[in-house]
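Input: a single structure, listed below in structure tokens.
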Number of protein chains: 2
Amino acid sequence: MADPMKRLPMQPVERALKVISGRWKAIILYQLFDGPKRLSELKTLLPRISQKVLIQQLREMEEHGLVHREIFRQVPPRVDYSTTALGLSLEPVIRSLCDWGRKHAADLDELDTLSECRLPPVDVRAAEMA
Amino acid sequence: MADPMKRLPMQPVERALKVISGRWKAIILYQLFDGPKRLSELKTLLPRISQKVLIQQLREMEEHGLVHREIFRQVPPRVDYSTTALGLSLEPVIRSLCDWGRKHAADLDELDTLSECRLPPVDVRAAEMA
DNA sequence: GGCCATGGTTACCTTCTGGTCAGTATGGAA
DNA sequence: TTCCATACTGACCAGAAGGTAACCATGGCC
């Protein structure tokens with residue numbers, strides 16, 4: 001996503017997919033659904049994402065109207081990220097994706113170490129090393 | 001997707017996204033929800049997709065259990081692609097994505113030339129040149 | 001033998017995405 | 001005066017995804 005808001009696809013599905021299918025976006029949104037977070041919080045909640053990429057994904061979602069960024073001009077700077085109404089409206093969609101993801105796992109492999117669909121323990125994930 | 005079924009993500013949302021977010025997959029699925037199609041049909045229904053990529057996307061979806069491929073050993077060969085039960089179970093999910101895509105367009109730009117969410121006129125698309 | 005249709009595959013290239021690592025700015029604390 | 005925390009930014013790179021164009025195989029038809 002080089003330049004800002006370079007026109008999104010005109011097919012609605014494609015558009016939706018384009019907007020949410022960044023490598024980390026759904027996971028970041030999960031965290032934000034839970035309430036506003038500052039960058040440093042997100043960094044510790046999602047330690048596997050490098051700072052640059054985290055900011056990148058947040059900015060893209062901001063451009064696409066899913067996320068709001070608020071700057072507090074403080075001594076050590078402070079920036080809060082939160083979902084917009086539009087972003088929040090994605091919750092049921094993402095949940096249905098999540099449910100389907102579990103169904104998919106159940107139908108094919110067994111759903112061995114698949115996580116739950118509710119705000120997941122993205123970080124506390126021992127499955128990582130399995 | 002170089003090698004077959006190289007393990008899907010263990011986060012359910014990511015898994016679902018991985019499986020459906022190929023450049024053309026949702027659109028191809030739309031066509032298949034409508035009933036089985038042979039390759040040549042899909043090629044004319046979706047003229048903007050090159051044959052190689054079309055087959056590629058179909059094969060990936062086959063690997064992921066969304067699509068069934070049936071070969072009829074005939075004079076000029078015939079191959080039918082259809083959705084599996086698992087693939088079909090994606091319909092509501094994709095529809096919700098589509099609905100959200102339209103909402104997104106409505107909230108940001110105006111939804112100018114956005115298509116409908118029902119089986120769309122993917123080919124008869126004058127919006128292309130706009 | 002040459003041609004056709006169907007359904008592929010292969011080689012090659014370009015673009016997009018994500019990733020690492022190092023650097024920047026601000027202003028208070030030590 | 002140096003150090004620290006926070007929130008970024010930029011150079012660079014590697015791999016994946018998607019695209020183009022050309023070629024292959026089968027077997028009937030003329």
Side-chain angles (χ1 to χ4, degrees), chain A residues 1-9 11 14 17-28 32 36-64 67-82 128, chain B residues 1-9 11 14 17-28 32 36-64 67-82 128:
Chain A
M1 219 148 278
D3 75 278
M5 203 49 141
K6 60 169 187 190
R7 210 180 358 259
L8 290 167
Q11 287 292 317
E14 289 183 49
L17 285 171
K18 181 92 185 182
V19 160
I20 60 175
S21 66
R23 177 73 183 82
W24 301 106
K25 286 181 185 170
I27 287 181
I28 296 171
L32 294 184
K37 301 266 179 298
R38 44 191 307 189
L39 184 69
S40 49
E41 289 182 272
L42 288 171
K43 276 200 286 184
T44 47
L45 285 166
L46 307 163
R48 298 197 312 151
I49 317 180
S50 77
Q51 174 167 292
K52 186 203 131 191
V53 174
L54 178 55
I55 292 176
Q56 205 172 271
Q57 305 270 306
L58 284 163
R59 289 291 163 81
E60 286 176 18
M61 292 195 285
E62 194 191 358
E63 274 167 19
H64 294 151
V67 162
H68 174 69
R69 176 159 162 272
E70 185 162 11
I71 305 123
F72 300 82
R73 308 213 159 275
Q74 295 181 351
V75 200
R78 167 183 179 155
V79 179
D80 273 19
Y81 292 90
S82 53
E128 194 52 61
Chain B
M1 220 150 276
D3 75 278
M5 204 50 142
K6 61 170 187 189
R7 212 181 356 259
L8 291 167
Q11 287 291 317
E14 289 182 49
L17 285 171
K18 183 91 186 181
V19 160
I20 61 176
S21 67
R23 175 75 182 81
W24 301 106
K25 287 181 185 170
I27 287 181
I28 296 172
L32 294 185
K37 302 265 178 299
R38 43 192 305 188
L39 184 70
S40 50
E41 290 182 88
L42 287 171
K43 275 201 287 185
T44 46
L45 285 165
L46 307 164
R48 299 197 310 153
I49 316 181
S50 77
Q51 174 165 296
K52 181 204 133 189
V53 174
L54 178 55
I55 292 177
Q56 204 172 272
Q57 305 270 305
L58 284 164
R59 292 288 165 83
E60 285 176 19
M61 290 195 286
E62 195 192 358
E63 276 168 18
H64 294 149
V67 162
H68 174 70
R69 177 158 163 271
E70 186 161 11
I71 305 121
F72 301 82
R73 307 212 160 277
Q74 295 183 350
V75 201
R78 167 184 179 155
V79 179
D80 274 19
Y81 292 91
S82 53
E128 195 50 61

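Each chain gets a letter, A, B and so on, in the order the sequences are listed, and its residues count up from 1.
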Closest contact, heavy atoms only, B:H64 versus B:L8
NE2-CD2, 3.8 Å
Residues in salt bridge (charged side-chain N to carboxylate O under 4.0 Å, His left out) with A:R38, at least two apart?
none
Figure out the NZ/P separation between A:K37 and D:dA7, and round it to whole Å.
14 Å
Nearest 0.5 angstrom please: B:I20 CD1 to A:L17 CG, how far?
5.0 Å
Between P of C:dG18 and CG of A:L46, the distance in whole Å
15 Å
Would you mind reading off the bend of the helix from C:dG1-D:dC30 to C:dA30-D:dT1 from its two end axes, five pairs each, to 10 degrees?
40°
Could you give the CD1-to-P distance, from A:I49 to C:dT17, as a whole number of Å?
17 Å
Could you list the donor-acceptor pairs under 3.5 angstrom formed by side chains in residues 71-78 of chain B, with sequence neighbours left out?
{"unit_1": "B:R78", "atom_1": "NE", "unit_2": "B:D80", "atom_2": "OD1", "d": "3.1"}
{"unit_1": "B:R78", "atom_1": "NH2", "unit_2": "B:D80", "atom_2": "OD1", "d": "3.4"}
{"unit_1": "B:R78", "atom_1": "NH2", "unit_2": "B:D80", "atom_2": "OD2", "d": "3.2"}

Any idea which heavy atoms bring B:L32 and B:Y81 closest together, and the distance?
CD2-O, 3.5 Å
Salt bridge (charged side-chain N to carboxylate O under 4.0 Å, His left out) with A:R69: which residues, sequence neighbours excluded?
none
Closest non-hydrogen atom pair between B:K18 and B:K25, with its separation
O-NZ, 4.3 Å
Listed partners of B:R23 passing side-chain hydrogen bond (donor to acceptor under 3.5 Å, both in side chains), at least two apart:
A:E14
Between C:dA11 atom C1' and B:Q56 atom CD, what is the distance in whole Å?
14 Å
Can you build the contact string for nucleotides 3-10 of chain C? Use B for base contact, S for sugar-phosphate-only contact, and - for no protein heavy atom under 4.0 Å.
---BBBBB
Could you give the CD-to-P distance, from A:E70 to D:dA7, as a whole number of Å?
13 Å
Distance, rounded to the nearest Å, where A:L8 contributes CG and C:dC16 contributes C1'
15 Å
Taking A:Q57 for its side chain and A:W24 for its backbone only, find out whether a donor-acceptor pair lies under 3.5 Å.
yes
So, does A:Q57 get its side chain near the phosphate of C:dG18, meaning an N or O under 4.0 Å from OP1 or OP2?
yes
Euclidean distance, atom CG of residue A:L54 to atom P of C:dG19 [Å, nearest integer]
11 Å
Atom CG of A:L17 and atom P of C:dC16 are separated, to the nearest Å, by 18 Å
